[in-house]
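Remember, it's 1-based here, ligands and their atoms both numbered in the order they're listed.
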Amino acid sequence: MKKTLKDVNFKGKKTLVRVDFNVPLEDGKITDDTRIEAALPTIKYLIEEGARVILMSHLGRPKGKAVDSLRLDPVAKRLADILGQEVSKVDDCVGDEVKKAVETLQDGDVLLLENTRFHAEEKANDPEFAKELASFADIFVSDAFGAAHRAHASTVGVTEYIPSVAGFLMQRELNALDDVMQNPESPFVAIMGGAKVSDKIGVIRNLMKKVDYLLVGGGIANTFLRASGYETGKSLVEEDKLDLAKDLLKETEEKSVEIVLPIDVIVADKFDKNADSKVVAVDEIPADWQSLDSGGPETIAKYTEIIKNSRTVIWNGPLGVFEFDKFAKGTNAIAQALADSNAKTIIGGGDSAAAIKKAGLEDKMTHISTGGGASLMFFEGKPLPGVEALDDVE
Ligand code: ADP
Ligand code: MG
């Protein structure tokens with residue numbers, strides 16, 4: 001068990017908080033402030049407890065140098081609006097300006113440091129850089145679950161120098177994901193979709209040890225269908241993963257897991273949102289067409305039935321190219337089936353979470369992880385460096 005906010009007295013303490021303010025920006029405007037909202041419980045708690053709050057985050061990919069369009073000023077402004085109090089902002093995350101700004105902080109004040117990735121030392125987890133970040137504070141709070149799979153200076157490095165505890169968002173994510181991986185009620189179903197098998201091998205392997213059913217969809221399904229002997233036309237297939245897919249299908253014979261593949265799919269004459277489309281059985285995919293959606297009616301009926309009878313469901317990866325409305329049927333049907341079920345429903349993966357939001361069904365899920373890569377690493381059964389580094393409860 002990791003220490004959390006409740007294990008610490010924050011009154012008057014300079015508190016360095018790693019948040020995930022990696023928000024989408026268009027022309028300098030924040031288009032979705034979910035990530036800011038997600039960090040609020042921790043920030044508000046620290047303010048109420050009288051901490052001197054020093055926030056830090058990365059934003060985008062500035063590649064180790066200052067990039068004006070990736071400054072955190074819009075975030076500081078939005079956060080100030082939401083909190084109804086001033087949020088001061090400095091133009092770097094290290095150096096004298098930061099030191100001075102920290103010295104003027106009163107209990108309950110909030111300061112936002114500049115994008116940590118303006119320094120190459122951040123991703124390199126450079127010890128001197130981490131030490132300087134840590135030097136501004138008495139204690140470190142890690143609330144950026146979405147960055148916990150990376151061993152960077154602001155997620156792992158700083159924990160070497162000051163006491164380090166988990167924030168509320170981090171705690172909520174760990175509780176939800178731990179619970180489903182440690183004590184899943186069966187029938188336990190995993191739905192795996194997305195573009196590529198290669199991105200998901202570790203997750204599939206680990207979940208196969210735990211689940212009763214593995215429902216396969218999306219681009220991944222094409223590789224599995226081909227490995228099962230079907231012709232898949234121009235569909236996305238990873239030729240170099242066919243043997244692996246065959247091995248996985250074979251392994252199920254010894255394990256108590258059933259891998260379920262689509263029965264019918266929606267094929268397109270080209271990869272385009274206005275492509276011609278039709279439903280075909282998986283043994284009738286035309287040579288010139290490609291499967292862009294595992295959302296055939298028979299597939300949806302079968303997958304929905306399995307979900308309906310389950311007690312625990314993990315979903316990662318859309319069942320089709322859901323960015324094109326025409327090919328979002330399978331993805332939307334699965335989202336609806338999860339919304340209608342009484343099972344514990346856990347969603348990981350950035351695109352899967354986006355698909356659920358697009359369908360307006362977020363409130364119907366048990367937990368939608370805020371961390372794409374981090375949740376996948378969790379499903380792989382691997383320890384997250386940004387979590388491991390935090391202090392244990394004695
Ligand atoms: P997540 O972010 O939830 O982990 P992924 O990033 O693995 O999901 O996969 C999402 C992507 O997979 C989407 O951009 C979607 O268009 C793509 N995809 C799904 N099905 C197919 C398919 N049949 N062919 C090509 N791409 C697909
Ligand atoms: Mg993705």
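Residues R18 and E122 are paired through a salt bridge, judged by an N-O separation under 4.0 Å between the basic side chain and the carboxylate. For the pair E114 and K89, the salt-bridge criterion is met [side-chain N within less than 4.0 Å of a carboxylate O]. Between D391 and K2, none of the side-chain N atoms (NZ, or NE/NH1/NH2) sits under 4.0 Å from a carboxylate O, so this pair counts as no salt bridge.
Summary of contacts: the protein heavy atom closest to atom 13 (C) of ligand 1 is E323 OE2, 3.2 Å. At the top of the distance list for atom 19 (C) of ligand 1, counting protein heavy atoms only, stands G320 O, 3.1 Å. When only non-hydrogen protein atoms are considered, atom 9 (O) of ligand 1 lies nearest to G194 CA, 3.2 Å.
Remark: ligand 1 atoms within the under-4.0 Å shell around heavy atoms of G317 are 3 (O), 8 (O). Listed by atom number, the atoms of ligand 1 under 4.0 Å from V321 heavy atoms are 16 (O), 19 (C), 20 (N), 21 (C), 22 (C), 24 (N), 25 (C), 26 (N), 27 (C). Near G219, meaning under 4.0 Å from any of its heavy atoms, are these atoms of ligand 1: 19 (C), 20 (N), 21 (C), 22 (C), 23 (N).
Between P318 and ligand 1, a contact under 3.5 Å exists for no N or O pair. Taking distance alone, with nitrogen or oxygen atoms compared against 3.5 Å, L236 stays at or beyond that limit from ligand 1. Residue-to-ligand polar distances place S291 within reach of ligand 1: an N/O pair is separated by less than 3.5 Å.
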What do the steps show when you test R35 against D20 for salt bridge (Lys or Arg N to Asp or Glu O under 4.0 Å), and what is the final call? CA-CA 6 Å; R35 286 185 167 150; D20 180 5; 3.4 Å; yes

Please evaluate residues K131 and E121 with respect to the criterion salt bridge (Lys or Arg N to Asp or Glu O under 4.0 Å), reporting the C-alpha separation (whole Å), side-chain torsions for both, the decisive distance (0.1 Å), and the verdict. CA-CA 11 Å; K131 196 173 175 183; E121 291 87 343; over 6 Å; no

K273 and D325: CA distance, side-chain angles, deciding distance, salt bridge (Lys or Arg N to Asp or Glu O under 4.0 Å) verdict: CA-CA 7 Å; K273 69 176 189 326; D325 287 342; over 6 Å; no

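At least one heavy atom of K200 sits under 4.0 Å from some atom of ligand 1. Residue G372 places no heavy atom under 4.0 Å from ligand 1. In this structure, D199 falls outside the shell of residues with a heavy atom less than 4.0 angstrom from ligand 1.
The Mg ion (ligand 2) lies under 2.8 Å from an N, O or S atom belonging to D351.
A continuous path of ILVMFWY side-chain contacts below 4.5 Å connects Y213 to Y303, so both sit in one hydrophobic cluster.
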